[in-house]
There are 2 protein chains.
Amino acid sequence: MARQHKSDERWLPMPLTRDQVIETAFGILRDFGLADLSMRRLARDLDVQPGALYWHVKNKQELLGVLSVMILAPATPGPADEVRATDAFMNLRLQARAIRQALLKVRDGAEVVALTHSLDPGSLSALRQPAHEFASAGLPEQQADWAARALVHYILGTVSDEQTRNGLTEAGVLEASLDGADEEAAFDFGLGLLLAGAATSPTPGSQ
Amino acid sequence: MARQHKSDERWLPMPLTRDQVIETAFGILRDFGLADLSMRRLARDLDVQPGALYWHVKNKQELLGVLSVMILAPATPGPADEVRATDAFMNLRLQARAIRQALLKVRDGAEVVALTHSLDPGSLSALRQPAHEFASAGLPEQQADWAARALVHYILGTVSDEQTRNGLTEAGVLEASLDGADEEAAFDFGLGLLLAGAATSPTPGSQ
DNA sequence: ACCTGAACACCGTTCAAGT
DNA sequence: ACCTGAACACCGTTCAAGT
């Protein structure tokens, strides 16, 4: 947790690096959640004063932005796998599931990513993919964009809720209601609705 | 803003009421947003010490719960209009729009309601309606439930995003991108996807 | 270049003591 | 019954001053 173990009496005070700041922050978030990730707590774990962090990082929001990219990394396609499969809708299904799985690995992952996404949509490439995929599926640009926004909101909203319940359940505030399998089935069902809607009726009337 | 105007030198110190606390809190939220609604700011506006609030209200979360009900009140059907229309899907459209409109009237309305909803789903009757409506549309119970959860997440996620952008735009952090009409069109489009999906294929395969 | 010390302007909540 | 005063345990951020 700390930069140096206290067992040694004297030690070369290697300067703090930005990477250490980020990795330690990621660890706190992953294991304890967003409520525990304060700049002061982070400084304590690194054995520095809070002000020292601001040499390595602009502010807390920038830090959360970096963490958001790390959270989504497992669901971010590299430049290698451009257009992986034949069916665009199948790709969308797989992408949505991959994003959900990535978010679930980190406590409050969905909330952190939702925050970053709302402050700067477009900064998270994993969340930009669905728009391309809807376009490949044949939707006109604006509709593809709207469909992608709906899908991303659905993913972030659903997982955020799931993680909040998990947090409360394990804090003893709530008793467990749905287990993991049910949560996944519910997610897949809602996902199916959105994709089925996008597959039929390319231009639904406004009324 | 204050309970008593300073123009009078002496005044009968009428005791604070729970209603005053709630109304003043609602005003701060409506006009200034969630970031400005602190217990300390609320106490200042009421000319009392922060501790006094805890006589009238259990804690901040309870207060936000009450505010959530007030926010959704315009979209909460009274016991009069039970099953208003013939087409369940049309009802869902209208309900979803009514909820969105109600949320938009209060700054950070969607965020506050989302918070309350995640801590205690079922406590907000306006958000329980869609499940009944999907059931009326012929979906089996569990699917109606899942569809409703997807719809509610979609509404809260979309409006929350919209309001965050509005806040940043007017703070000068962002320049305006979509105007109100486009936001509404995007909302209606995503809504159409979900409802179209629910209208077709009652049992989409798990793959 | 990199960090400390100290401050600034805040939070939510509790609780003895007063009236 | 209702509120004050004061405390407790926190926040994010800035910045002169030190090394």
Side-chain angles (χ1 to χ4, degrees), chain A residues 2-4 6 10-26 28-29 32-68 108 111-112 115-116 119 167-168 171 173, chain B residues 2-4 6 10-26 28-29 32-68 108 111-112 115-116 119 167-168 171 173:
Chain A
R3 209 156 34 121
Q4 302 288 152
K6 296 116 190 215
R10 216 47 196 132
W11 68 115
L12 293 312
M14 291 267 284
L16 187 61
T17 65
R18 181 176 157 99
D19 274 7
Q20 274 177 83
V21 172
I22 290 168
E23 286 298 333
T24 305
F26 187 77
I28 296 174
L29 181 66
F32 302 97
L34 186 56
D36 278 43
L37 179 54
S38 68
M39 297 303 272
R40 297 182 105 100
R41 156 77 185 267
L42 177 54
R44 220 180 302 130
D45 283 13
L46 287 165
D47 284 325
V48 294
Q49 297 298 314
L53 300 176
Y54 291 84
W55 181 263
H56 300 279
V57 131
K58 185 165 177 285
N59 52 32
K60 189 172 181 177
Q61 185 48 57
E62 193 213 14
L63 183 57
L64 293 180
V66 174
L67 297 185
S68 296
D108 298 328
E111 201 182 332
V112 172
L115 220 142
T116 299
L119 294 188
L168 296 178
V173 185
Chain B
R3 208 153 38 116
Q4 301 287 152
K6 297 118 189 213
R10 214 51 195 131
W11 68 114
L12 294 311
M14 292 266 284
L16 188 61
T17 66
R18 180 176 158 98
D19 273 8
Q20 275 177 82
V21 172
I22 289 168
E23 287 297 335
T24 304
F26 188 77
I28 295 174
L29 182 66
F32 301 98
L34 185 56
D36 278 42
L37 180 54
S38 69
M39 298 302 270
R40 297 183 106 101
R41 156 77 185 268
L42 178 54
R44 222 180 301 132
D45 283 13
L46 287 164
D47 283 325
V48 295
Q49 297 296 314
L53 299 176
Y54 291 84
W55 181 263
H56 300 279
V57 130
K58 184 165 177 284
N59 51 32
K60 188 173 181 177
Q61 186 47 57
E62 193 214 15
L63 183 57
L64 292 180
V66 174
L67 297 186
S68 296
D108 297 327
E111 201 182 334
V112 172
L115 219 144
T116 300
L119 294 186
L168 295 179
V173 186

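The sequence lines fix the lettering, A, B, ..., with proteins before strands; numbering per chain opens at 1.
A straight line from CE of B:Met14 to C1' of D:dC3 spans 16 Å, rounded to a whole angstrom. Distance B:His56 NE2 to D:dC3 P: 4 Å, rounded to the nearest Å. For the pair B:Leu53 CG and C:dG12 P, the interatomic distance rounds to 10 Å; values are reported in whole Å. Between B:Gln20 atom CD and D:dC2 atom P there is a gap of 12 Å when expressed in whole angstrom units. A straight line from CD of B:Gln49 to P of D:dA7 spans 13 Å, rounded to a whole angstrom.
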For this session: Step by step, work out the side-chain contact (heavy atoms from CB on, under 4.5 Å) result for B:Leu67 and B:Leu37.
Result: CA-CA 11 Å; B:Leu67 297 186; B:Leu37 180 54; 3.7 Å; yes
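No donor-acceptor pair closer than 3.5 Å links the side chain of A:Asp19 to the backbone N or O of A:Ile22.
Between B:Trp55 and D:dC3 there is no side-chain N or O to OP1 or OP2 distance below 4.0 Å.
Within the 4.5 Å cutoff, side-chain heavy atoms of B:Leu42 are placed close to those of B:Leu63. A heavy-atom distance below 4.5 Å is not found between the side chains of A:Leu64 and A:Leu29.
Separating the CZ atom in A:Arg40 from the CD atom in A:Gln49 is a distance of 9.5 Å, to the nearest 0.5 Å. Going from atom CG of A:Asp45 over to atom CD of A:Gln20 covers 12.0 Å, rounded to the nearest 0.5 Å. For the atom pair CG (B:Leu46) and OG1 (B:Thr17), the distance works out to 9.0 Å, reported to the nearest 0.5 Å.
Summarising the geometry of A:Asp36 relative to A:Ile28, their closest heavy-atom pair is O-CG2, 3.7 Å, with the distance given to 0.1 Å. Scanning all heavy atoms of the two residues, the minimum distance from B:Asp108 to B:Ala35 falls at OD2-N, 4.4 Å.
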Between N or O atoms, less than 3.5 Å apart, protein on one side and nucleotides 14-19 of chain D on the other: list the pairs.
none

What protein N or O atoms touch nucleotides 9-11 of chain D N or O atoms at under 3.5 angstrom, if any, and at what distances?
| from | atom 1 | to | atom 2 | distance (Å) |
| --- | --- | --- | --- | --- |
| D:dC11 | OP1 | A:Ser38 | OG | 2.9 |

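Searching all strands for a Watson-Crick or G-U wobble partner of C:dC15 with both distances below 3.5 Å returns D:dG5.
Taking atom P on both nucleotides, D:dC8 is separated from C:dA9 by 22 Å, rounded to a whole Å.
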